[in-house]
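Single-structure report; data block below.
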Amino acid sequence: MDKLLITGGNQLNGEVTISGAKNAALPIITATLLADTPFYLSNVPRLQDITTMMKLLEGMGVTFEVDDNFNIQANSSNVNSFNAPYDLVKTMRASILVLGPLLARFGEAHVSLPGGCAIGLRPVNLHIQGLEAMGAEINVEAGYISAKAKRLKATNLCMDIVTVTGTENLMMAATLAEGVTVLENAAREPEVVDLARFLNRMGARIEGAGTTTIRIEGVEKLYGARHQVIPDRIETGTYLIAAAMTGGRVKVKNTDPNLLDAVLLKLLEAGTTITRGDDWIEIDMQGRRLRAVDIHTAPYPAFPTDMQAQLTAMNSIAEGVGMLSETIFENRFMHVSELQRMGANIRLEGNTAIIKGVKALQGAPVMATDLRASAGLVLAALVAEGNTLIDRIYHLDRGYEKMDEKLSQLGAEIRRVS
Ligand code: UD1
């Protein structure tokens with residue numbers, strides 16, 4: 001199993017290119033189940049989660065052709081299985097995103113329940129309730145969701161909790177339903193908007209994506225389309241923080257500064273200098289020490305939970321005390337005990353981490369527990385004194401394309417060891 005060995009202390013400087021957004025590419029790939037003519041997708045990140053999603057769809061009969069730049073041609077004209085088996089679903093919760101498209105186009109889906117994960121319970125009750133309200137007959141037995149429907153029927157749905165994949169699943173299901181579906185309290189994440197843009201290119205009639213009310217007029221048929229996936233805002237934020245923590249100056253390219261206002265505001269508050277263009281952001285720390293900031297995670301456009309671990313690492317070495325409240329997932333502080341082993345001064349009180357910045361962290365052997373927690377540990381390691389060996393980096397490979405190579409180009413001393 002690969003590990004990352006990082007020797008801290010190098011200032012990061014230079015330019016880094018951001019990959020396509022994992023959380024946009026995943027639902028977009030499942031949406032190819034909705035039509036039987038070819039699709040062409042670009043700016044898809046080369047990640048383990050993307051490969052897993054393609055494997056899941058291949059098991060259903062979808063074919064993929066991938067070129068050297070990881071542009072993907074998908075064809076769903078020969079789908080002959082509606083099954084998402086436990087073996088794949090257990091490795092990636094986003095597999096639940098096949099449920100809506102399968103049910104909408106084929107009237108049948110057999111999808112393993114994802115179960116819990118390291119960061120919390122993460123139920124899918126709202127996905128199921130929404131599809132039931134659209135007329136699907138759903139049974140949950142022996143760990144599987146078995147769903148059947150003739151043609152789904154439009155409905156008005158107000159979701160109890162803002163759920164990203166829940167909104168995406170129901171939006172995809174509604175594209176082929178009879179009548180006009182209205183989703184209220186919908187997630188406003190940019191990845192939901194990108195999916196809606198893609199579905200509209202396929203012939204869907206969706207309005208309001210990016211607001212809390214999405215209106216979907218069902219159509220009889222959808223068609224293959226071309227689409228370029230939006231840049232990854234979480235990867236963008238992670239490199240900006242890496243630069244800031246090491247006191248360096250980094251230009252992050254091929255990104256969209258408009259997608260991370262809440263993160264940029266916090267970085268400004270922390271004392272960084274930020275300039276931005278249409279598709280780039282430059283951060284300059286001029287060797288200064290960061291100031292601690294308070295954070296409260298919440299659905300978009302507020303501060304993203306997927307940046308919480310990185311901010312915890314940042315506050316660990318900043319001047320002052322930062323309070324970080326996690327409101328989305330109940331168990332998303334697994335990185336805290338690892339950061340404490342590196343000398344961080346963090347106290348946990350319920351869903352809040354109180355972080356008193358220390359002058360320096362010390363390298364130590366640590367264990368990655370989930371995707372974003374791993375990123376937090378990498379950031380801490382970049383500024384720690386001595387060596388940090390991060391175990392279980394398969395978590396990192398699920399969501400960050402070539403992170404070791406990108407950081408090393410910026411001047412970090414980082415290498416992958418077996
Ligand atoms: C997505 C993102 C993930 C991000 C999260 C929150 C993808 C592939 N993943 O995950 O990176 O951290 O949004 O921004 O896009 N909930 C229920 N019932 C449901 C569905 C959700 O109670 O049926 C709860 C969850 O337990 C959680 C909250 O709602 O507490 C938000 O979760 P949700 O937005 O659904 O997260 P994901 O879509 O799984």
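Both ligands and their constituent atoms are indexed starting at 1 by order of listing.
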Next item on the list: Could you tell me whether E184 and R215 make a salt bridge, using a distance below 4.0 angstrom between a side-chain N and a carboxylate O?
Entry: no

Margin query: Geometry only, no angles: is T165 polar-contacting ligand 1 at N/O separations under 3.5 Å?
Written below: yes

Margin query: Using a 4.0 Å cutoff against the non-hydrogen atoms of V162, which atoms of ligand 1 qualify?
Written below: 31 (C), 34 (O)

Note to self: Quick one, P85 and Y144 - any side-chain contact, counting heavy atoms below 4.5 Å?
What the structure shows: yes

Note to self: Does any N or O of ligand 1 fall below 3.5 Å from an N or O anywhere on E189, backbone included?
What the structure shows: no

Next item on the list: Mark up the atoms of ligand 1 that fall under 4.0 Å of a heavy atom belonging to T305, in ascending order.
Entry: 6 (C), 12 (O), 14 (O)

Notebook entry, point to check: Should N23 be counted as touching ligand 1, given the test is an N or O pair under 3.5 Å?
Noted result: yes

Item checked: Residue that, paired with E15, satisfies side-chain hydrogen bond (donor to acceptor under 3.5 Å, both in side chains) out of K253, K406, K251 -> K253

Note to self: Show the atoms of ligand 1 that are less than 4.0 angstrom away from any heavy atom in I161.
What the structure shows: 22 (O), 29 (O)

Margin query: Looking at R205, I'd like to know if its CZ atom is crowded, meaning that more than 12 non-hydrogen atoms belonging to other residues, nucleotides or ligands lie closer than 6.0 Å.
Written below: no

Notebook entry, point to check: Does F329 approach ligand 1 within less than 4.0 angstrom via side chain, backbone, both or neither, non-hydrogen atoms only?
Noted result: side chain

Notebook entry, point to check: N/O to N/O below 3.5 Å, does that happen between D306 and ligand 1?
Noted result: yes

Notebook entry, point to check: D279 side chain to D256 main-chain N or O, any donor-acceptor pair under 3.5 Å?
Noted result: no

Margin query: Between ligand 1 and R332, can you find any atom pair, the residue atom being a heavy atom, that is separated by under 4.0 Å?
Written below: yes

Margin query: Would I328 count as being in polar contact with ligand 1, using the rule that some N or O on each side must be under 3.5 angstrom apart?
Written below: yes

Check: Which atoms of ligand 1 sit under 4.0 Å from any heavy atom of H127?
Finding: 23 (O)

Notebook entry, point to check: Do L4 and D404 come within less than 4.5 Å of each other through their side chains, counting heavy atoms only?
Noted result: yes

Checklist line | Y223 side chain near D36 side chain, heavy-atom distance below 4.5 Å | finding: no

Notebook entry, point to check: Is there at least one pair of N or O atoms, one from V164 and one from ligand 1, spaced under 3.5 Å apart?
Noted result: yes

Margin query: Counting only nitrogen or oxygen atoms and a 3.5 angstrom limit, does G166 reach ligand 1?
Written below: no

Check: Heavy-atom contacts under 4.0 Å between T163 and ligand 1: side chain, backbone, both, or neither?
Finding: both

Item checked: Side-chain ion pair, D194 and R233, N-O less than 4.0 Å -> no

Check: Distance-only, no hydrogens or angles: does the R151 side chain make a donor-acceptor pair with backbone N or O of L176 under 3.5 Å?
Finding: yes

